[in-house]
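Every chain is numbered from 1, with letters handed out A, B, ... down the list of sequences. Fair warning: this is a prediction, and the values are worked out from it, not measured in the lab.
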Amino acid sequence: MTSLPDAPSSSPSSSVPIILDGWEGDRGDRGPGGGAGAGRGDRPGPDERLFAGLNPQQREAAEYRGPALLIVAGAGSGKTSVLTRRIAGLIESREAWPSQILAITFTNKAANEMRERVEALLGGRAQGMWISTFHSSCVRILRREAETIGKTASFTIYDSGDTRALLKRIIKELDADTLGFTVAGTANRISKLKNELTDLETHARNANLSDPNEVMFLEIFRQYTRALRRANAFDFDDLIAETVYLFRAFPKVAALYQRRFRHILVDEYQDTNHAQYALIRELTMPIAPAIADELEAQGQHVERMRDAVGAIPGASLTVVGDSDQSIYAFRGADIRNIVEFERDFPGAKVVLLEQNYRSTQNILSAANAVIANNFDRKDKRLWTAVGDGDKIVGYTGYSGHDEAQFVADEIEKLHAAGMDYKDIAVFYRTNAQTRALEEIFIRSALPYKVMGGTKFYERAEIKDAMAYLISVANPDDILALRRILNTPKRGIGPATETQLASYAEDNGISFRDAMRDAGSLGLGPKVTGAILQLSNLLDEAAAKIDPANPAGVSSVPDVLTFLLDGSGLLEVLRNSRDPQDEARAENVDELVAVTREFVRNNPDGTLVDFLTEVSLVAAADEIDDSSGAVSLMTLHTAKGLEYDAVFLTGVEEDLLPHRMSANEPGGPAEERRLFYVGITRAKKRLFLSLAMTRAQFGETAVAMPSRYLQEIPADLIDWRQSPGAANGRGGTQSRALNARRPGLGAGDSGRWNDSFRAGGFSKPERPKAEWPNRVTGQVRDNSDLELVPGDRIRHTDFGEGRVTAVTGEGAKRVAHVQFETVGAKKLLIKIAPIDKL
DNA sequence: CCCACCAACTTTTTT
DNA sequence: AGTTGGTGGG
């Protein structure tokens with residue numbers, strides 16, 4: 001830890017930097033150099049301290065100066081080190097002020113990490129630097145410039161759930177479902193259009209109006225757009241697209257940012273979509289002499305930046321990416337952005353980083369072999385100097401639960417051998433796969449944390465509480481108002497809601513004003529009173545955060561508590577007899593704690609800042625490195641992370657590659673990249689597992705080994721139980737890797753089967769009859785079971801064993817048991833299927 | 001307007 | 001399997 005007397009080291013680097021700051025730290029043209037055009041000559045000599053430890057390619061990437069630089073960074077090649085040193089070098093050498101740097105990362109977590117590392121390199125001098133995600137950066141710009149495009153700075157950000165809710169209303173109102181419109185499909189289509197920067201009018205012009213389907217879609221799109229505008233809201237895709245439109249429509253506004261950001265760095269460039277690409281293009285555009293004149297007339301310091309003809313040259317652009325890790329095509333990511341970078345930015349310098357500092361050679365060889373099957377790629381081979389390491393371990397379970405048990409057992413072995421839980425991760429393709437894993441992990445008393453999935457902020461009770469806050473911050477947000485109108489129940493049903501809406505429509509007032517005027521609607525006294533009470537509550541809360549309030553502005557937790565008390569939301573949950581409501585009340589309490597934490601990290605943070613932060617949290621942001629738990633996540637969430645040991649589960653056909661990807665062009669290749677990303681997260685140990693049968697929709701379906709398994713040289717995998725060996729249950733299907741599968745000729749597949757058999761596998765350790773799907777459906781409560789070391793017990797799956805120790809308290813009491821047949825296990829006493837003998 | 005019961009659908013990945 | 005949405009009686 002560096003400690004400088006002048007550095008406010010208490011800076012909340014762990015929180016997302018979203019405060020609407022001024023242009024502090026920006027010293028305009030008195031700044032060092034002009035950015036891109038600055039020559040090397042007037043720069044102090046290279047700082048050996050900064051670049052120590054970099055290999056020649058890394059160093060070149062960190063030190064190169066020019067208008068455009070593409071760093072092709074293979075997995076684990078130290079690109080974050082390069083980026084942070086590049087930024088630190090620019091500042092250290094006084095080529096740029098911190099405020100002239102814009103660094104875009106994929107997640108907030110990556111942004112925070114980068115900020116911390118830059119600060120560590122510079123001893124804290126990173127104030128004014130923008131290091132954030134595309135979405136966070138755009139929100140900052142849009143809030144600043146909201147009035148220019150007819151919004152207010154307190155606009156709401158609609159997440160995909162909000163978008164779906166809104167579309168559902170519209171589709172229902174238009175009876176569009178009879179034409180085959182689904183919420184998901186429509187949302188997807190609109191999202192695609194926005195990512196392609198096709199706005200409503202453009203799309204309407206090109207639409208085929210003789211197709212009733214097209215006409216209906218246009219109508220939905222139109223109503224959706226209008227609803228967003230009226231609600232003073234943007235959806236996720238708008239954040240990027242609207243910023244681009246803003247820059248294109250208002251060159252003077254664009255010039256402010258073009259002038260400010262002289263060095264733009266973009267991480268994970270292979271996953272940018274067209275809108276993000278366009279945004280980068282706008283930001284790196286030179287400023288025309290006439291606009292520069294205007295900036296100067298406004299008192300902006302620009303004269304030292306201008307070139308011979310009076311223009312301000314475009315910012316310098318650095319992008320980092322690896323087309324082999326492009327896994328977001330489904331979201332509009334366009335691999336061409338990185339493949340055609342040299343064409344888009346003529347004169348661009350390209351640096352390749354191929355040395356891997358993360359994984360063992362065995363892991364890298366497997367990764368290289370897999371990705372080599374994607375044909376239209378630049379060949380690139382990762383290598384490492386650390387040696388072969390352990391073999392990859394493979395396992396084929398009889399069921400998803402058996403597979404999960406294998407994972408749990410191996411994790412315990414690793415832990416016993418000294419590996420921290422937090423250095424272990426379990427990956428899967430779909431969130432649904434967490435169920436079996438969680439059931440087994442809970443039973444095994446294995447500490448774990450699920451990243452993403454059903455997120456905290458997606459829970460109904462949290463969305464309810466948030467809707468109260470949103471209604472206060474943005475009274476135009478009808479979606480939020482509708483949500484809280486009858487939550488908790490206060491007798492305001494759909495009929496009343498419709499009356500309020502049409503009253504607002506008829507009188508040309510907002511829904512919120514209609515609520516204030518509920519007395520003139522001629523509703524029953526009880527309903528009228530309920531509406532007015534809610535309306536007053538919101539008004540009082542709004543007064544509490546009004547900057548003009550002489551009593552001062554209340555903090556976010558105070559406003560939230562006020563709303564929770566006034567609405568009775570929390571009280572209703574507490575008094576409910578539904579046992580799940582207890583947990584919901586705890587979640588709401590947790591939200592209050594979150595707001596407290598927010599205020600601690602952002603003393604000047606406003607309610608809008610808080611809402612922004614919440615809207616933009618990603619699955620990967622939740623990862624807390626200090627927690628001593630195993631991390632469970634999807635392969636997508638895993639991107640950019642690394643772990644000592646990685647378990648890649650469900651390596652089966654229809655799961656990886658996923659069934660849904662089969663029809664999509666480039667689907668199988670993208671799924672292969674996903675597999676590649678998963679493999680390359682592992683530093684020391686890699687485990688690949690699959691199951692013979694997998695439960696889905698309550699039915700148990702037969703699963704086949706993934707085609708990608710064949711692509712790994714057989715001698716790299718040590719199969720504890722190979723797909724070829726673990727057949728027999730039911731006997732109708734061959735488990736072997738050459739089992740009939742579309743798209744694979746029978747000719748070459750026997751070889752694979754043989755190699756798996758030759759690869760050696762031990763006999764199944766346990767009698768299979770004990771296994772199939774016995775885990776679910778057993779509700780037990782052993783809270784009263786008293787166990788002491790020495791007791792003998794019987795477990796429904798593991799047989800008999802002796803208790804060696806008991807740890808933990810209350811509901812979390814854990815028995816350490818030495819079983820006769822399966823060895824040592826840890827069991828959560830409360831729910832383990834055990835009996836004392 | 002509220003609640004209880006039954007039918008249908010879910011699961012691809014996410015800022 | 002579990003949740004969500006629709007329907008019908010109170």
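Between the side chains of A:Tyr457 and A:Asp159, not a single donor N or O lies within less than 3.5 Å of an accepting N or O. A donor-acceptor pair shorter than 3.5 Å can be found between the side chains of A:Asn474 and A:Thr156. In summary, the side chains of A:Gln270 and A:Glu268 do present a donor paired with an acceptor at a separation below 3.5 Å, with no hydrogens or angles considered. A donor-acceptor pair shorter than 3.5 Å can be found between the side chains of A:Tyr277 and A:Arg281.
For A:Asn273, no side-chain nitrogen or oxygen approaches OP1 or OP2 of B:dT15 to under 4.0 Å. Applying the 4.0 Å criterion to OP1 and OP2 of C:dG6, one finds that A:Lys172 has a side-chain N or O inside that range. Contact between the side-chain N/O atoms of A:Thr637 and the OP1/OP2 oxygens of B:dT14 is found at a separation under 4.0 Å.
Interface remark: the A:His135 side chain does form a donor-acceptor pair with the B:dT15 base, using a distance-only criterion of under 3.5 Å.
Protein atom NZ of A:Lys194 is 16 Å distant from nucleotide atom C1' of B:dT14, rounded to whole Å. The separation between A:Lys639 atom NZ and B:dT13 atom P is 16 Å, rounded to whole Å. Rounded to a whole Å, the CG atom of A:Leu674 is 12 Å from the C1' atom of B:dT14. Here B:dT12 presents its P atom at 10 Å from CG of A:Leu655, a figure rounded to the nearest Å. In this structure, A:Leu239 places its CG atom 13 Å from P of B:dT15, rounding to the nearest Å. Atom CE in A:Met660 sits roughly 11 Å away from atom C1' in B:dT10 (whole-Å rounding). Nucleotide B:dT15 holds its P atom 15 Å from the CD atom of A:Glu613, rounded to whole Å. Between the C1' atom of B:dC1 and the CD1 atom of A:Ile531 lies a distance of 13 Å, rounded to the nearest Å.
Among the nucleotides B:dT11, B:dT12, B:dT14, the one closest to any side-chain atom of A:Thr634 is B:dT14. Nearest to the side-chain atoms of A:Asn486 among the listed nucleotides B:dC2, B:dT11, B:dT14 stands B:dC2. Listed nucleotides B:dT13, C:dG6, B:dT11 differ in distance to A:Arg429; the shortest reach to its side chain belongs to B:dT13. For A:Phe330, counting side-chain heavy atoms from C-beta on, the closest listed nucleotide (B:dT15, C:dG2, B:dT14) is B:dT14. Listed nucleotides B:dC3, B:dT15, B:dT13 differ in distance to A:Ser160; the shortest reach to its side chain belongs to B:dT15. With B:dC1, B:dT13, B:dT11 as the choices, the nucleotide that has an atom nearest any side-chain atom of A:Asn431 turns out to be B:dT13. Between B:dT12, B:dC3, B:dT15, one nucleotide has an atom nearer to the side chain of A:His658 than all others, and that is B:dT12. Distances from the side chain of A:Lys489 to the nucleotides B:dC3, B:dT15, B:dT11 place B:dC3 closest.
Looking at heavy-atom distances under 4.0 Å, A:Thr496 makes contact with sugar-phosphate atoms alone, never a base. Here A:Lys168 lies in heavy-atom contact (under 4.0 Å) with sugar-phosphate atoms only. Residue-level contact check: A:Asp159 touches neither bases nor backbone, having no heavy atom under 4.0 Å from any strand.
Ring stacking is absent between A:Tyr328 and B:dT13, as the pair misses the limits of under 5.5 Å between centres and under 30 degrees between planes.
Ranked by how close their nearest DNA chain B nucleotide is to the 5' end, A:Arg659 and A:Glu497 are led by A:Glu497.
In this structure, the ring of A:His636 has its center less than 6.0 angstrom from the ring center of A:Phe330. Taking the ring centroids of A:Tyr245 and A:Phe247, they lie at or beyond the 6.0 Å cut-off.
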